[in-house]
Amino acid sequence: QVTLVESGGGLVQAGGSLRLTCAASGRTFSSFTMGWFRQAPGQEREFVGAISRNDASTYYADSVKGRFSISRANAKSTVYLQMNSLKPEDTAVYYCAARTDGGFFYDMSTYNKWGQGTQVTVSS
């Protein structure tokens, strides 16, 4: 079993930065591919990015490419989402998720562990 806990959300002005952290319990963190998703009010949850378990390759949604970056520290069972040049449209609840099986990184149904989410609000 693994439990995911996100932190680091908050209120930031447009153009600012935040770093989200997702801490995982358990001793098998390195075996998980980790994803970040977000959900804005009244909208469906959407893919933000992911980092693979094998070689730490990263993948991003077009909307955040070049502004967000994902990294992981397996020794700390932690994955990070660095968000730069934030825009008001980045406002959402951000969730980290974990999976051990394959599939498209953007496919939420392939992730079987989810955190509770952390709110990010970007003011204009």
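- Smallest separation of non-hydrogen atoms from T78 and A23: OG1-CA, 4.3 Å.
- Contact between S124 and A14 at its shortest, heavy atoms only, is CA-CB, 4.4 Å.
- Between M108 and F37, the shortest heavy-atom contact is CG-CE2, 3.2 Å.
- The closest donor-acceptor contact from the side chain of R99 to the backbone of G103 lies under 3.5 Å.
- Partner of Y59 under the ring-ring contact (aromatic ring centres under 6.0 Å, His included) criterion, chosen from F68, F105, Y106: F105.
- By the criterion of side-chain heavy atoms lying less than 4.5 angstrom apart, applied directly or through intervening Ile, Leu, Val, Met, Phe, Trp or Tyr residues, L81 is grouped together with L86 in one hydrophobic cluster.
- A donor-acceptor contact closer than 3.5 angstrom is absent between the side chains of R53 and S31.
- Inspection of the R38 and Y94 side chains reveals an N or O donor paired with an N or O acceptor under 3.5 Å.
- Two residues are said to be in side-chain contact when any heavy atoms from C-beta on lie closer than 4.5 Å; L4 and M34 meet this criterion.
- Shown here is K65, whose NZ atom has more than 12 heavy atoms of other residues, nucleotides or ligands within 6.0 Å.
- The closest donor-acceptor contact from the side chain of D90 to the backbone of K87 lies under 3.5 Å.
- Using a 4.5 Å heavy-atom cutoff, the side chains of Y60 and I70 are in contact.
- A cation-pi arrangement, defined by a distance under 6.0 Å to the six-membered ring centre and an angle within 45 degrees of its axis, is absent between R72 and F32.
- Side chains of S52 and D55: a donor-acceptor N/O pair is present below 3.5 angstrom, by distance only.
- Rounding to the nearest 0.5 Å places CG of L11 at 9.5 Å from CD of Q119.
- Formation of a donor-acceptor pair under 3.5 Å by the T118 side chain with backbone atoms of G9 is found in this model.
- Of the candidates V64, L20, I51, W36 forms a side chain to side chain contact (heavy atoms under 4.5 Å, CB included) with just one, namely L20.
- Following chains of ILVMFWY side-chain contacts shorter than 4.5 Å, one cannot reach V12 starting from Y80, and the two form parts of different hydrophobic clusters.
- Under the 4.5 Å side-chain heavy-atom criterion for grouping Ile, Leu, Val, Met, Phe, Trp and Tyr, L18 is connected to V48 within one hydrophobic cluster.
- Distance alone, capped at 3.5 Å, is enough to place a donor-acceptor pair between the E6 side chain and the Q116 backbone.
- Exactly one residue among Q82, R19, M83 makes a side chain to side chain contact (heavy atoms under 4.5 Å, CB included) with S69. That residue is Q82.
- Across D107 and T110, no two heavy atoms sit closer than the pair O-OG1, 2.7 Å.
- Y111 is connected to F104 through a chain of hydrophobic side-chain contacts under 4.5 Å among Ile, Leu, Val, Met, Phe, Trp and Tyr, so both are in one cluster.
- Between V79 and F29 there is a side-chain heavy-atom pair separated by less than 4.5 Å.
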